[in-house]
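In what follows, every chain begins at residue 1, and chains take the letters A, B, ... in the order their sequences are listed. Owing to the predicted nature of the structure, the values given are computational and were not obtained by experimental measurement.
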Amino acid sequence: MKLYSTLTRDKRDFEPAGDAVTMYVCGITASNSSHVGHALSSVVFDVLHRYLEYRGYAVRRVQNFTDVDDKIIARANAEGLSPEEVAEKYVQEFFRDMDDLNVRRATEHPRATNEIPGIIRMIEGLIEKGNAYPAADESGNVYFRVHSNPEYGKLSGRTVEELLEGVRIDVEPGKEAPPDFALWKASKPGEPSWDSPWGPGRPGWHIECSAMALEYLGETIDIHGGGLDLAFPHHENELAQSECFTGQKPFARFWVHNGLLRLDGAKMSKSLGNLVTVRDALDGYSADAIRMYILTSHYRGPLLYDEDNIGTQERASRRLRQAANVASRADSGKSVDPAPFREHFVEVMDDDLNTPQGLAVIFDLAHEINRGRDAGHEIGAAQAVLRELSDVLGLTLAEPEASEAGLSDADVEARLVSRTEARSNREFAAADAIRDELIAAGIAIEDGPGGTTWSRV
RNA sequence: GGCGACGUAGCCAAGUGGUCCAAGGCAGAGGUUUGCAAAACCUCCAUUCGGCGGUUCGAAUCCGCCCGUCGCCUCCA
């Protein structure tokens with residue numbers, strides 16, 4: 001397949017360098033509930049993982065948790081918990097949210113605090129090679145020496161000179177130069193800390209991802225993923241550290257960045273406070289609808305969070321569900337051939353994971369299945385392919401579950417018996433009253449030649 | 001200020017030189033079906049791709065300018 005890489009700024013043929021595709025995706029900082037921007041990124045890389053497997057590759061995907069940083073410490077102080085407890089709480093919440101979105105777990109979910117020895121080894125190595133230095137002011141901080149790496153800036157398309165023009169770079173006392181960034185941060189009293197050759201402290205944000213990628217996937221990885229907002233400075237720094245430390249280039253063969261979710265015209269972000277949590281979204285909409293909403297636009301473009309538009313996907317997902325599940329009388333002696341649809345799906349998905357077109361192919365197949373059903377053709381094989389392709393996009397095609405407050409299956413069946421009896425007596429007013437009650441309870445019914453069927457909407 | 005992305009029907013959104021002068025979803029109109037519905041099916045729904053110029057036999061697709069929206073440059077998926 002072809003994949004776009006931010007580093008080369010073009011689409012190139014993708015093949016893994018080794019037996020399995022190695023993929024590192026930046027995960028969350030466990031300081032707060034996950035928001036729908038995290039859902040977007042997670043769904044995109046979940047689909048990339050699923051699709052690569054569908055194409056026959058083994059995939060090793062690593063997604064980290066940053067479980068120590070300033071925000072977690074601040075949160076812990078605010079909630080009266082330890083930083084470890086705060087991180088654990090939000091890690092578990094992330095897993096629940098992503099499970100409910102049908103995002104498959106990564107092969108590994110390492111946490112920064114479990115990787116301290118590897119991080120320290122990496123920092124030591126960078127110091128030995130002259131790419132890093134302990135702060136001159138004896139603060140116990142260690143910084144990466146940006147000027148030691150002539151290629152710095154190649155991912156984000158910036159030069160060190162341009163960065164120096166930015167007026168908002170803090171000049172910390174121990175730094176040699178403003179663009180230098182922290183690899184190791186000395187801890188303040190009461191903060192979580194680990195012993196190191198430079199005194200007690202904790203890792204900087206960028207180095208942990210370099211260390212975890214190296215530990216779990218090796219010196220060169222096939223795909224490095226994350227949100228576009230991480231391209232600079234996080235990925236730029238990660239790239240510089242990793243290539244300087246290992247001497248191997250490239251650190252990542254493909255840099256894949258998803259576009260950002262916007263809310264009311266602005267990026268959804270922690271600093272702006274315009275967050276909608278994954279749980280909020282799941283309370284209002286099904287996982288299939290949320291995923292379809294994300295996948296109807298290309299992953300590299302921006303996406304506006306719009307609940308009305310997610311709602312329309314609810315109806316669209318129902319269309320797929322019906323096509324996949326309703327049987328045909330299959331008496332025509334003909335059958336719907338799904339092979340061309342599968343081929344077309346692969347063709348469009350091979351082009352930089354074009355999920356909007358992939359979905360369009362799935363809808364075309366659904367349409368063909370419905371036509372075939374009306375004509376009495378055999379559609380079982382086509383329905384199996386519909387489910388197969390939907391699964392590549394992580395769509396379950398599952399019916400909504402009965403809510404505690406609503407009608408149970410038995411309740412519905414009992415009412416339908418009454419309604420059928422009323423209809424056979426041509427008591428349509430009574431029959432329609434039952435139907436209205438069921439519709440109000442979220443039950444759709446359909447009268448067909450073979451009797452009445454129902455489903456939850 | 002520097003760097004970058006985008007602007008396609010009522011809404012969302014593919015398509016980046018002819019081989020599709022524009023996919024798919026939602027909404028809408030008419031019809032088939034139905035006791036009436038719902039779902040499904042059939043037909044229709046952008047002579048046009050922000051504006052103005054240019055390149056080309058040919059452009060939504062390339063180039064220039066203009067208008068508008070957004071991102072990164074600071075923690076962020």
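For A/Pro233, taking side-chain heavy atoms from C-beta onward, the closest of the listed nucleotides B/A39, B/G35, B/C73 is B/C73. In this structure, of B/A14, B/A39, B/G35, it is B/A39 that holds the atom nearest to the side chain of A/Glu446. In this structure, the nucleotide among B/A14, B/G35, B/A40 sitting nearest to the side chain of A/Arg423 is B/G35. Checking B/C41, B/G15, B/A77 against the side-chain heavy atoms of A/His367 singles out B/C41 as nearest. Checked against B/C36, B/C41, B/A77, the side chain of A/Arg419 finds its nearest nucleotide in B/C36. Comparing B/C72, B/C26, B/G35 against the side chain of A/Thr312 picks out B/C26 as the nearest. The nucleotide whose nearest atom lies closest to any side-chain atom of A/Ser41 is, among B/A23, B/A77, B/A40, B/A77. Side-chain proximity of A/Lys71 to B/A13, B/A77, B/C75: nearest is B/C75. The side chain of A/Thr29 has B/A77 as its nearest neighbour among B/A77, B/C73, B/G25. The A/Gln357 side chain lies nearest to B/G15 when the options are B/G24, B/G15, B/C73.
Here the rule is side-chain hydrogen bond (donor to acceptor under 3.5 Å, both in side chains) with A/Asp46, and of A/Arg105, A/Arg291, A/Arg104 only A/Arg291 fits it.
Centre separation under 5.5 Å together with a plane angle under 30° does not hold for the ring of A/Phe363 and the six-membered base ring of B/G24, so they are not marked as stacked.
When rounded to the nearest whole Å, the span between CG of A/Asp351 and P of B/G15 equals 7 Å. The NE2 atom of A/His224 sits 11 Å away from the C1' atom of B/A77 (whole-angstrom rounding). Atom-to-atom, CE of A/Met292 to P of B/A14 comes out at 15 Å; the value is rounded to the nearest Å. Computed from coordinates, the A/Glu437 CD to B/A37 P distance equals 22 Å when rounded to whole Å. Between the CZ atom of A/Arg373 and the P atom of B/C41 there is a distance of 8 Å, rounded to whole Å. Spacing between atom CZ of A/Arg262 and atom C1' of B/C12 amounts to 13 Å, rounded to whole angstrom units. Atom pair A/Phe65:CZ and B/A77:C1' shows a separation of 13 Å (rounding to whole Å applied). Per the geometry, CG belonging to A/Asn258 stands 17 Å off P belonging to B/A5, to the nearest Å.
Between the side chains of A/His257 and A/His235, at least one donor N or O lies within less than 3.5 Å of an accepting N or O.
Residue A/Arg371 has no polar side-chain atom (N or O) positioned under 4.0 Å from OP1 or OP2 of B/A40. Between A/His257 and B/A77 there is no side-chain polar atom (N or O) within less than 4.0 angstrom of OP1 or OP2. Between A/Arg9 and B/A5 there is no side-chain polar atom (N or O) within less than 4.0 angstrom of OP1 or OP2. At B/U16, none of the side-chain N or O atoms of A/His298 fall inside 4.0 Å of OP1 or OP2 (strictly under the cut-off).
Here the separation of B/C42 from B/U33, taken at their C1' atoms, is 11 Å to the nearest Å.
In this structure, A/Thr22 contributes its side chain and A/Arg60 its backbone to no donor-acceptor pair below 3.5 Å.
For the pair A/Arg423 and A/Phe428, the cation does not sit on the ring face, since its NZ or CZ is not both under 6.0 Å from the ring centre and inside 45° of the axis. Taking the ring axis of A/Tyr4 as reference, the NZ or CZ atom of A/Arg300 stays within 45° of it and closer than 6.0 Å to the ring centre.
No engagement by A/Ile439 is indicated, since no non-hydrogen atom pair under 4.0 Å with the nucleic acid exists. Among the heavy atoms of the strands lying under 4.0 Å from A/Ala316 are primed sugar atoms or P, OP1, OP2 only; no base atom is included. No contact: A/Arg300 has no heavy atom under 4.0 Å from any strand.
For the residue pair A/Thr66 and A/Asn64, the shortest heavy atom distance occurs at OG1-ND2, 3.5 Å.
Side-chain atoms of A/Asn354 and base atoms of B/G15 include no donor and acceptor less than 3.5 Å apart.
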